[in-house]
Peer 1: 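Please see the structure below; I have some questions.
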Amino acid sequence: WLDYSKTRGRATRMLYSMHETFHSLDDIKWAQLYVYFAYSDRPSWLTPKQAPDLSRTLQVHQVLVQWSESQATSVYRQTSPALLPWSQPYLALDGTDAVWYPQDSFTMSQQPSSYIPFDVTEASRNWLKGDPNNGLLVWATNENDQGTDLRFFSRRQQSGTPPFINVVCSY
């Protein structure tokens, strides 16, 4: 899970490892990824003028390469037993590290804390057809614009609001 802040000179991208197995499901009608938006953050050393509240359009992409949840960094997708770099820092969105087109998008502006849904039906169907399940990447299209950061809960936080996928299929 990568969560790097532009206010600290880095991009904001989130990786989600999907441990669900899709091989035992029949025809997938639709699938939704839900990620819990916790709050917007402005570092205390920046003023609202320096880091304004921005609308941010989030996109979700299917990840194409294997990565380690406990080892992934901005540069490496795996650090042990061998260093395996991403094609470019923070994952290439050109079809090498992740599918170049988004599965879905969601624009956030002054959003209250809540689950944000993304349609990931296509990725789920790809996994069902046998594509490797390397998870999903969520990123803000204006990640390089100086402004407030968005904070989402991961499955490791004790908030009771982990990310999840809801899949509806025909039996």
Side-chain angles (χ1 to χ4, degrees), residues 1-22 33-46 50-108 111 116 118-120 122-124 126-127 130-159 161-165:
W1 139 280
L2 302 175
D3 187 7
Y4 293 94
S5 160
K6 175 59 182 162
T7 57
R8 293 167 186 85
R10 301 171 285 194
T12 299
R13 298 195 177 186
M14 297 158 287
L15 281 169
Y16 292 97
S17 176
M18 300 291 111
H19 298 288
E20 289 81 4
T21 56
F22 289 88
L33 168 68
Y34 293 89
V35 296
Y36 193 82
F37 169 68
Y39 58 93
S40 293
D41 181 54
R42 177 182 300 109
S44 60
W45 63 87
L46 295 177
Q50 293 171 311
D53 290 326
L54 297 178
S55 292
R56 296 211 185 261
T57 298
L58 303 175
Q59 292 183 345
V60 62
H61 294 255
Q62 181 179 348
V63 178
L64 297 174
V65 296
Q66 191 174 22
W67 55 281
S68 171
E69 184 175 358
S70 63
Q71 299 174 15
T73 68
S74 60
V75 177
Y76 295 104
R77 54 192 177 99
Q78 177 182 310
T79 57
S80 176
L83 288 175
L84 295 177
W86 299 106
S87 295
Q88 68 182 44
Y90 302 104
L91 284 79
L93 296 175
D94 60 5
T96 54
D97 294 330
V99 173
W100 66 270
Y101 58 89
Q103 302 282 307
D104 197 12
S105 63
F106 185 90
T107 300
M108 298 189 60
Q111 182 81 18
I116 306 298
F118 292 99
D119 185 334
V120 294
E122 182 178 344
S124 299
N126 291 342
W127 297 330
D131 286 3
N133 180 348
N134 294 312
L136 299 162
L137 168 73
V138 177
W139 72 293
T141 58
N142 62 343
E143 66 185 4
N144 292 320
D145 293 351
Q146 183 77 19
T148 54
D149 298 327
L150 304 177
R151 299 289 186 227
F152 294 86
F153 285 150
S154 73
R155 68 182 179 88
R156 291 206 166 112
Q157 289 170 301
Q158 301 299 315
S159 64
T161 51
F164 67 93
I165 289 184

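Since the structure is predicted, the reported quantities are computational estimates derived from the model, not experimental observations.
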Peer 1: Grab the two heavy atoms, one from Ala98 and one from Leu64, that are nearest each other, plus how far apart they are.
Peer 2: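 The answer is C-CD1, 3.7 Å.
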Peer 1: Can you sort out the partners of Asn142 under side chain to side chain contact (heavy atoms under 4.5 Å, CB included), two or more places apart, ordered by chain and number?
Peer 2: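 Side chain to side chain contact (heavy atoms under 4.5 Å, CB included) check on Asn142 returns Leu54, Arg56, Ala140, Asp145.
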Peer 1: Which of these, Leu15, Val60, Val35, sits in a side chain to side chain contact (heavy atoms under 4.5 Å, CB included) with Leu136?
Peer 2: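 Only one option passes, and that is Val60.
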Peer 1: Could you measure the distance from the CD1 atom of Ile116 to the CZ atom of Phe37? Nearest 0.5 Å is fine.
Peer 2: 7.0 Å
Peer 1: Working to the nearest 0.5 Å, report the span between CD of Gln78 and OG of Ser70.
Peer 2: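 Gln78 CD to Ser70 OG: 9.0 Å, rounded to 0.5 Å.
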Peer 1: Walk me through whether Arg42 and Asp53 qualify under side chain to side chain contact (heavy atoms under 4.5 Å, CB included).
Peer 2: CA-CA 8 Å; Arg42 177 182 300 109; Asp53 290 326; 3.3 Å; yes
Peer 1: Taking the side chain as every heavy atom from C-beta outward, state whether Tyr90 and Leu137 have any pair of such atoms under 4.5 Å apart.
Peer 2: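 No. Closest side-chain heavy atoms not under 4.5 Å.
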Peer 1: Donor-acceptor check, side chain of Asp104 to backbone of Asp119, threshold 3.5 angstrom: yes or no?
Peer 2: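 At least one qualifying donor-acceptor pair exists.
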Peer 1: I need the minimum non-hydrogen distance between Ala72 and Trp67, along with the two atoms involved.
Peer 2: CB-CE3, 3.9 Å
Peer 1: Over all heavy atoms of both residues, which pair between Ala92 and Asp97 is shortest? Give the atoms and the distance, please.
Peer 2: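 Taking Ala92 first and Asp97 second, the nearest heavy atoms are N-OD2, 2.8 Å.
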Peer 1: Tyr16 versus Phe152: any side-chain heavy-atom pair under 4.5 Å?
Peer 2: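 Result yes, sub-4.5 Å side-chain heavy-atom pair found.
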Peer 1: Nearest 0.5 Å please: distance from the CD atom of Gln66 over to the CG atom of Asn133.
Peer 2: 10.5 Å
Peer 1: What pair of heavy atoms forms the shortest contact from Ser17 to Glu69, and how long is it?
Peer 2: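 Of all heavy-atom pairs spanning Ser17 and Glu69, the closest is CB-OE1, 3.7 Å.
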Peer 1: Output the distance between atom NE2 (His61) and atom CG (Leu91), rounded to the nearest 0.5 Å.
Peer 2: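 Rounded to the nearest 0.5 Å, the NE2-CG separation comes out at 10.0 Å.
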Peer 1: Do Val65 and Leu84 make a side-chain contact, defined as non-hydrogen atoms from C-beta onward lying under 4.5 Å apart?
Peer 2: no
Peer 1: Closest approach of Gln59 and Ser105, non-hydrogen atoms and distance?
Peer 2: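 Residues Gln59 and Ser105, closest heavy atoms: CG-CB, 4.0 Å.
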Peer 1: Kindly compute the distance separating CD (Gln62) from CG (Asn126), expressed to the nearest 0.5 Å.
Peer 2: 4.5 Å
Peer 1: How far apart are the closest heavy atoms of Trp127 and Asn134, and which atoms are they?
Peer 2: NE1-N, 4.1 Å
Peer 1: For the residue pair Tyr39 and Asp41, establish whether any side-chain heavy-atom pair is separated by less than 4.5 Å.
Peer 2: yes
Peer 1: More than 12 heavy atoms of other residues, nucleotides or ligands under 6.0 Å from CD of Gln50: is that the case?
Peer 2: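 Yes, CD of Gln50 has more than 12 neighbouring heavy atoms, counting only those of other groups under 6.0 Å.
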Peer 1: Checking side chain to side chain contact (heavy atoms under 4.5 Å, CB included) for the pair Leu46/Gln146: CA distance, chi angles, key distance, verdict?
Peer 2: CA-CA 10 Å; Leu46 295 177; Gln146 183 77 19; 3.5 Å; yes
Peer 1: Going from CH2 on Trp86 to OG1 on Thr96, what distance comes out if it is rounded to the nearest 0.5 angstrom?
Peer 2: 10.0 Å
